[in-house]
**Student:** 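Below: one structure in structure tokens.
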Amino acid sequence: LSDTNHIHRVNVSFDKVMENAEAFITAGGRAHWEFLVFDYNEHQVDKSREIAKSMGFVEFRTKVSHRLIKPTFNHLRKVFNPPKGKEYQ
């Protein structure tokens with residue numbers, strides 16, 4: 001969601017992503033939402049699933065990335081911890 005999307009998706013506007021998804025779905029597109037679950041956003045899975053359903057996404061699924069270290073633009077490394085919930089491990 002907008003308060004956590006920027007943590008993993010650097011320089012991406014969540015509002016613009018959702019605006020584009022809405023336009024795609026409205027035009028007849030079949031949108032699929034893949035939610036990457038980390039410890040900082042796992043509390044948002046249910047809310048995101050609700051949003052996807054209300055917008056008309058045809059699928060919502062969670063994915064857990066095993067890439068926990070991500071290089072950033074300034075060549076520093078940022079650690080993303082795996083989710084704590086057993087359903088995501």
Side-chain angles (χ1 to χ4, degrees):
L1 299 178
S2 62
D3 60 328
T4 58
N5 186 71
H6 68 282
I7 296 170
H8 183 75
R9 299 291 182 204
V10 178
N11 294 327
V12 172
S13 166
F14 181 78
D15 293 336
K16 189 65 171 175
V17 169
M18 298 308 285
E19 179 183 317
N20 289 341
E22 183 176 6
F24 179 73
I25 293 167
T26 300
R30 296 177 44 85
H32 300 254
W33 185 328
E34 291 188 353
F35 188 102
L36 291 175
V37 184
F38 295 100
D39 68 335
Y40 67 83
N41 69 356
E42 69 182 299
H43 67 283
Q44 297 175 318
V45 171
D46 292 336
K47 179 68 175 172
S48 298
R49 185 178 284 112
E50 290 172 18
I51 292 169
K53 183 177 180 181
S54 71
M55 287 181 67
F57 279 77
V58 297
E59 182 181 14
F60 178 91
R61 75 175 163 174
T62 58
K63 293 176 69 175
V64 176
S65 175
H66 297 287
R67 290 184 285 169
L68 303 179
I69 300 175
K70 177 184 180 295
T72 59
F73 292 109
N74 60 6
H75 304 292
L76 298 176
R77 294 189 176 270
K78 191 170 193 174
V79 176
F80 296 106
N81 295 313
K84 295 179 175 83
K86 290 184 181 181
E87 66 272 28
Y88 306 119
Q89 295 179 359

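Worth saying up front: this structure is predicted, and the values here are computed from it rather than measured.
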**Student:** How close do Ala21 and Met55 get, heavy atom to heavy atom, and via which atoms?
**Tutor:**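 Taking every non-hydrogen atom into account, CB-CE, 4.2 Å.
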**Student:** Of all residues at least two apart in sequence or in a different chain, which pass the side chain to side chain donor-acceptor pair (under 3.5 Å) check with Lys16?
**Tutor:**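 Here the qualifying residues are Glu19.
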**Student:** Side chain to side chain donor-acceptor pair (under 3.5 Å) with Arg61: which residues, sequence neighbours excluded?
**Tutor:**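 Here the qualifying residues are Glu34.
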**Student:** Could you tell me whether the side chain of Asp3 reaches within less than 4.5 Å of the side chain of Gln44, counting heavy atoms only?
**Tutor:**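 In short, these two side chains touch, coming nearer than 4.5 Å.
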**Student:** Could you pull out all residues at least two apart from His43 that satisfy side chain to side chain donor-acceptor pair (under 3.5 Å)?
**Tutor:**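 For His43 there are no side chain to side chain donor-acceptor pair (under 3.5 Å) partners, ignoring immediate neighbours.
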**Student:** Please say yes or no: joined through hydrophobic side-chain contacts below 4.5 Å, possibly via intermediate residues, are Leu1 and Val17 part of one cluster?
**Tutor:**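 No; Val17 is not reachable from Leu1 via cluster members.
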**Student:** If the condition is side-chain contact (heavy atoms from CB on, under 4.5 Å), which residues does Tyr40 pass it with, not counting sequence neighbours?
**Tutor:**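 For Tyr40 the side-chain contact (heavy atoms from CB on, under 4.5 Å) partners, ignoring immediate neighbours, are Thr4, Ile7, His8, Phe38, Phe80.
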**Student:** Give every residue pair that meets the salt bridge (Lys or Arg N to Asp or Glu O under 4.0 Å) criterion with at least one member in residues 80-89, sequence neighbours excluded.
**Tutor:**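 Pairs touching residues 80-89 that pass the test: Asp39-Lys84.
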**Student:** Taking the side chain as every heavy atom from C-beta outward, state whether Phe35 and Asn41 have any pair of such atoms under 4.5 Å apart.
**Tutor:**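 Phe35 reaches Asn41 side chain to side chain.
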**Student:** Is there a side-chain contact between Ile51 and Phe57 (heavy atoms, below 4.5 Å)?
**Tutor:**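 Answer no - side chains too far apart.
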**Student:** Asp46: which residues meet the side-chain contact (heavy atoms from CB on, under 4.5 Å) condition with it, sequence neighbours left out?
**Tutor:**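 Asp46: side-chain contact (heavy atoms from CB on, under 4.5 Å) contacts with Arg49.
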**Student:** Once side-chain contact (heavy atoms from CB on, under 4.5 Å) is applied, do any residues pair with Asn5, and if so which ones, sequence neighbours excluded?
**Tutor:**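 For Asn5, the residues satisfying side-chain contact (heavy atoms from CB on, under 4.5 Å) (neighbours in sequence not counted) are Arg9, Val12, Phe14.
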**Student:** List, by chain and number, the other hydrophobic cluster members for Val58, where Ile, Leu, Val, Met, Phe, Trp and Tyr join if side-chain heavy atoms come within less than 4.5 Å, directly or indirectly.
**Tutor:**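 Grouped by the 4.5 Å side-chain rule, Val58 forms a cluster of one, so the answer is none.
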**Student:** So, do Arg30 and Ile25 sit near enough that their side-chain heavy atoms are less than 4.5 Å apart?
**Tutor:**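 Of all side-chain heavy-atom pairs linking Ile25 with Arg30, none is under 4.5 Å.
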**Student:** What are the two closest non-hydrogen atoms of Met18 and Trp33, and how far apart are they?
**Tutor:**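 Distance-wise, the nearest heavy atoms are CE-CZ3, 3.8 Å.
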